[in-house]
Amino acid sequence: MDNYFHIPQLAKRKAKAKRFKYIAMMALVASVAFLAFFLSDMIIKGHGAFTQTYVKVPVLINEKTAKFTHLAVDRKEYGFMVSRAWLRGLKNTLKDTPEWMNTNKERWTLANSNVDQFIKGKYNRLKPEQIKKIEQMQKDGKVERRFNNIFFEKGDSKIPEFSGFMASIVGTIMTMIITMLIAVPLGVMTAIYLEEFAKDNKFTQIIEVNINNLAAIPSILFGLLGLAIFINFFGVPRSSPLVGGMTLALMSLPVIIVSSKAALKSVPDSIRQAGFALGLTKWQIVRDHVLPLAMPGMLTGAIIALAQAMGETAPLIMVGMIAFIPDISTSFLDATTVMPAQIFTWSGMPERAYIERTAAGILVLLGILISLNAIAIYLRKKYTKTW
Amino acid sequence: MNLLKKAVLTASVLALSVSASQAREQIKIVGSSTVYPFSSYVAEELGATTSFPTPVVESTGSGGGMKLFCAGNGMNTPDITNASRPMKEKEWNLCQKNGVTDITGAMIGYDGIAFAQSSSNNDVQFTRTQILLAVAAKVPVNGKLVTNPYKKWSDIDASLPNREIIIYGPPTSSGTRDAFEELVMEKMTKKMAGYGKKKYHTIRQDGVYIPSGENDNLIVQKLERNKDAFGIFGYSYLAENSDKIKASKIDGKLPTPSTIADGSYPVSRSLFFYVKKSHISKVKAMQPYIDMFMSEMMISEDGVLKTIGLIPMATDLRNKVQSSVKSLTPLTEEMVKARTVIK
């Protein structure tokens, strides 16, 4: 006789479970593969932007060339390889190094992007005889690749080799400060009121549904709202971190409210009841007992909302932050641009040298986002209490 | 929602108290995405070589720029708008209505629109009529206008390759598209009996013409991948990507700086910017910016803007425009109607 305990479907059921496990695993593999592909593509395209080529060419400096700096290098011989930005900046360089006056020496100069792209083995528009010259200079040790300071010190430029990411990093930080100052207190307070104090009636339910709905609205609509209210009605300066930050705060508010509410909800009711039993007021319970327990969840929500706002471009188009703004802004009312906007602008430029800068910008943005998320995880781990 | 609104209002009132509407130092420029690289190059140069702050240049498209520019004379409106086509009468009227009556127009040079494909293909030559028949929503067949039936180039003319028609081009918001519709479609249909000798510029929407966004680099990438396709975009993208794509001849001419400047390449257009004169006295940097943009160093045959894709004007036209802008010649209705900025 067969085994009494034998269940004929068992093998089938086990196979089914196994199949399900593999399908789920494949989904994971696929998403990891996508991410890995994207990241490696960005690294391959973008690593070049972290170095910049310099060439050593004779620079003649006298009364005349100090005035008309584009004549400082021999236009026919070396004109094609020296960056216009370097020549343009020569006047200021001379202020710092007056001893350069009336000299005719070989000096290290920033290379034109075509030369730079050639040295990096990428497509360039150099002519064959120009390539020959560069190759000769390479043999003589007159071509050098250095760490790209410009990328981390300067703002955007129409001269590819002179364009940097710093202005947009500063712009993002300033915009995020405004966003945080507005969205976090407002969002957390709203959540506390709705969750702890408000009565559960039709009215608060409608509000809650609306907030959940707001969290899913396409972000461009917040841009339109920002344009209509902040710029046209209140006259906040266009393109400023202030208007950008306020617009993004509108966008992050619902997300912060929803996550803060979830954090408050996860605090067990027994804690509140214990408080009441001891004769505490509602305010004391919320301040001393509920909030500390809900804090890690709230922080995580806020940081994720801010990370999302940081990567946002669509609403900023409407308030004028996608523009050519090379200066690093020093006040909340100056025009500025932000990281995703800078990436977007570079991706549309015809010059090929911007491709690596676009990718490098994406890498920097990703790096900052990863560290923000890491902070969120750390905070959650550190402050989470178990009971 | 109530709470939200209150929050927004308080925040905005706070912001308002910070920013009193003061006279600006920084020039605000909006407008065409085609002129944007040139305009921002000059802006950067102004910021780098003078003590004026770098002007803010926004790329809003020619039409969007005109709308902002003509919105009024207030200091929160832009000082200058760039355009890849002359100001339209409709826009002139809007400006007049809103009190923007004192305008000076400047022309800076030309841009060609390339009709290009992957460089691994054989060269193809087109006439403008053939391109029109490929992109128009309705085409004349046996004397009647019918929905465009052409799926292959060889359907249009036996001399054209037996390739599927796929065209990547700019979306409706783009000045490049305006120019393409005008120079290729309207110009041809005006002379064709099949269209009743009327201007016609509706582009087909059955998936043959694929609007590809304002980013011309995307079109270049798509041409690389889809060897059958053709793309419509600005000349500077062609010059910068000559390893991947090549232009086709239109009416026997390839787009080169010389054919675009002398007008023999049929799909070329002029580039402009318009200045709000009432702001010149309030924004000190405006006059230096205009002077720098119109200088020989920028827009002449040896100018730096040529290196980033601007096609310069011939010397005598350039001199005329320069002196017209120098004296801030006011724009008149006649000039708008004649589609020019000089007398």
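Every chain is numbered from 1, with letters handed out A, B, ... down the list of sequences. These values consider heavy atoms only, across backbone and side chains, with no hydrogens, waters or symmetry-generated copies.
With a threshold of 4.5 angstrom between heavy atoms, A:Thr337 does not approach chain B through any atom at all. Of the two parts of A:Ser157, the backbone and the side chain both hold a non-hydrogen atom closer than 4.5 Å to a non-hydrogen atom of chain B. Contact of B:Glu44 with chain A is made through backbone and side chain together, with heavy-atom distances under 4.5 Å. Residue A:Ile355 does not touch chain B at all, counting heavy-atom pairs closer than 4.5 Å. Of the atoms belonging to B:Ser242, heavy atoms from both backbone and side chain fall under 4.5 Å from chain A. Both the backbone and the side chain of B:Ile308 come within contact range of chain A, judged by heavy atoms closer than 4.5 Å. Residue contact with chain B, scored on non-hydrogen atoms closer than 4.5 Å, is absent for A:Phe332. For B:Val30, no part lies near chain A; criterion is any non-hydrogen pair under 4.5 Å. A:Ile325 touches chain B through its side chain: at least one heavy atom from C-beta onward sits under 4.5 Å away, while N, CA, C and O do not.
A salt bridge does not link B:Lys28 to B:Asp79: none of the charged side-chain nitrogens sits closer than 4.0 Å to a carboxylate oxygen. A salt bridge is defined here as a Lys NZ or Arg NE, NH1 or NH2 lying under 4.0 Å from an Asp or Glu carboxylate O, and A:Asp41 with A:Lys45 meets this definition. Between B:Lys284 and B:Glu25 there is no salt bridge, since no side-chain N of the basic residue sits under 4.0 Å from a carboxylate O of the acidic one. Salt bridge A:Lys120/A:Glu356: present, at least one basic N to carboxylate O contact under 4.0 Å.
Take B:Tyr36 and apply the ring-ring contact (aromatic ring centres under 6.0 Å, His included) test, not counting sequence neighbours, and it matches no residue. Listed by chain and residue number, B:Glu240 satisfy the salt bridge (Lys or Arg N to Asp or Glu O under 4.0 Å) test with A:Arg125 (two or more places apart in sequence, or in another chain). In this structure, the side chain to side chain contact (heavy atoms under 4.5 Å, CB included) partners of A:Leu181, at least two apart in sequence or on a different chain, are A:Ile177.
By the 30° and 60° cut-offs, the orientation of the rings of A:His70 relative to A:Phe68 is perpendicular.
Between chain A and the options B:Asp243, B:Asn217, B:Asn76, the largest number of non-hydrogen pairs under 4.5 Å is found for B:Asp243.
By the 4.5 Å heavy-atom criterion applied to side chains, A:Glu161 and A:Trp86 are not counted as neighbours. Residues B:Ile245 and B:Ser119 have side chains not in contact (no heavy-atom distance under 4.5 Å, counting atoms from C-beta outward).
With hydrogens and angles left out, the side-chain atoms of A:Asp156 and A:Ser163 include no donor and acceptor closer than 3.5 Å.
Near-neighbour residues of residues 47-58 of chain B relative to chain A, defined by a heavy atom under 4.5 Å from a heavy atom of that chain, comprise B:Ala48, B:Thr49, B:Pro53, B:Thr54, B:Pro55, B:Val56, B:Val57, B:Glu58.
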